[in-house]
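See below for the structure under consideration.
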Amino acid sequence: MVKSAKSTDGGAAEASPSPGTVLRIRALLPSLPPAEQRVAQRIVDDPERAAASSITQLAKDCSTSEATVIRFCRTIDFSGYRELRLALATEAGQARGAGLSTRAAVGDIDPDDTLVTVVQKIAYTDARAVEDTAAQLDVDVLETVVEALAAARRIDIYGVGASAFVGADLQQKLHRIGLASFAWADNHVMLTSAALLREGDVAVGVSHSGATIETVRALAEARARGATAVAITNFPRSPISESADHVLTTAARETTYRSGATASRLAQLTVVDCLFVGLAQLRYADSRTALETTYDAVRGLRVGERPKGR
């Protein structure tokens with residue numbers, strides 16, 4: 001889901017067939033108090049079992065109280081445990097109806113998994129990250145960000161590690177349709193770049209965790225200088241959200257061997273593609289001209305192609 005100037009929910013699903021309760025719980029999990037985190041983790045690990053459990057049993061399984069379970073329900077916008085159970089049961093039923101396994105293809109890659117199983121788990125997790133991210137995007141807020149990018153004098157993009165590659169991809173796409181954009185991954189350059197932004201500019205910070213210090217600081221600096229700040233993150237209540245005007249959330253679940261690297265990157269690239277296509281549509285004539293011009297410029301750089309005019 002996407003947030004614009006207010007908190008929203010988003011995250012990654014373990015077994016939910018569509019973005020909903022489990023996605024919301026996973027996205028908010030890091031921001032919850034320890035006792036509520038235990039409840040959240042129990043539900044994320046096995047939503048069907050939670051749906052079948054009484055509040056007394058769930059509290060016992062999580063070594064906490066029924067009052068804590070009730071507080072947790074209200075934190076994720078349910079009036080009580082009955083409503084939460086109903087939502088979990090409904091989503092589990094939808095998953096079964098769609099032929100989706102809630103256990104077999106999900107979860108961490110185990111040391112004794114066969115290569116066939118590894119491939120299945122990777123394919124399942126990556127596909128779900130893309131599907132869930134697209135399904136939970138708030139199109140109204142996405143449109144707001146697209147309009148801000150289209151009108152920007154300059155667009156600076158910040159990200160480190162795996163997120164730096166996503167930032168570079170966004171910069172290349174924006175540059176290809178004629179928008180002045182720059183992607184930075186060095187801490188010093190990010191901050192000096194942000195310090196020179198002003199009203200009418202846009203800064204985009206990419207961070208799966210939303211807690212990457214370099215990216216958070218750069219986005220905060222850009223916002224302080226008057227630029228519109230956009231964050232792309234998996235967790236809507238993460239520190240980067242405090243430095244952003246608009247937060248676009250992804251829905252990726254990382255496993256032991258893939259932390260912060262693959263599923264999250266694919267989810268971020270899904271958001272990038274949505275931004276790019278939205279921009280290309282909004283600026284259709286200019287974008288088409290720019291794409292044709294740049295294509296002609298690199299024509300002849302593939303084996304068997306001739307440069308234009310030859």
Results of salt bridge (charged side-chain N to carboxylate O under 4.0 Å, His left out) for [X] - residues two or more places apart only:
X	answer
E199	none
R85	none
R74	none
R288	E292

Quick one: side chains of residues 34-43, donor-acceptor pairs under 3.5 Å with protein atoms, not counting sequence neighbours, listed by atom name and distance.
from : atom 1 : to  : atom 2 : distance (Å)
E36  : OE1    : T75 : OG1    : 3.2
Q37  : NE2    : L29 : O      : 3.2
Q37  : NE2    : P30 : O      : 3.4
Q37  : NE2    : L32 : O      : 3.1
R38  : NE     : C62 : O      : 2.8
R38  : NH2    : S63 : O      : 3.1
Q41  : NE2    : D45 : OD1    : 2.9

Give, for atom CG of L266 and atom CG of D126, the distance between the pair rounded to the nearest 0.5 Å.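 Output value for this atom pair is 5.0 Å.
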My understanding is that a hydrophobic cluster links ILVMFWY residues whose side chain heavy atoms are under 4.5 Å apart, including indirect links. Using that, what else belongs to the cluster containing [X]?
X	answer
V216	L219, I240
L196	none
F182	Y158, V160, W184, V189, M190, L197

Taking C-beta and beyond as the side chain, do S163 and T215 meet within less than 4.5 Å on heavy atoms?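 Not touching, per the 4.5 Å side-chain cut-off.
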Test side-chain contact (heavy atoms from CB on, under 4.5 Å) applied to L279 and F276, step by step: CA-CA 5 Å; L279 274 164; F276 170 70; 5.7 Å; no
N/O donor-acceptor pair under 3.5 Å between E91 side chain and T21 backbone: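 Present.
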Donor-acceptor contact present, side-chain R24 to main-chain D77, <3.5 Å: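 Absent.
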Could you tell me which residues satisfy side-chain hydrogen bond (donor to acceptor under 3.5 Å, both in side chains) with R71, sequence neighbours excluded, listed by chain and number?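 Once residues adjacent in sequence are excluded, the partners of R71 under the side-chain hydrogen bond (donor to acceptor under 3.5 Å, both in side chains) criterion are T68.
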Who pairs with A185 by side-chain contact (heavy atoms from CB on, under 4.5 Å), at least two apart in sequence or on another chain? A164
Honestly curious: do I232 and F165 fall in one hydrophobic cluster under the side-chain, below-4.5 Å linking rule?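 In one cluster with I232: F165, no.
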Out of R128, K121, Q120, which one pairs with Y124 under the side chain to side chain donor-acceptor pair (under 3.5 Å) rule?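 Of the listed options, the one satisfying the test is R128.
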Going by salt bridge (Lys or Arg N to Asp or Glu O under 4.0 Å), name the pairs with one or both residues in residues 211-229, residues two or more places apart or in two chains.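 Sorted pair list: E221-R225, R223-D245.
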Residue pairs involving residues 176-189 (criterion salt bridge (Lys or Arg N to Asp or Glu O under 4.0 Å); sequence neighbours excluded):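 Listed once each, the pairs would be none.
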Residues, nucleotides or ligands: over 12 heavy atoms within 6.0 Å of L291 CG: yes
If every non-hydrogen atom of S31 is compared with every non-hydrogen atom of R237, which pair is closest and at what distance?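 Closest approach of S31 to R237, heavy atoms only: OG-CD, 3.4 Å.
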Where is the tightest heavy-atom contact between P236 and S241, given as atom of each residue plus distance?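 It is O-OG, 2.7 Å.
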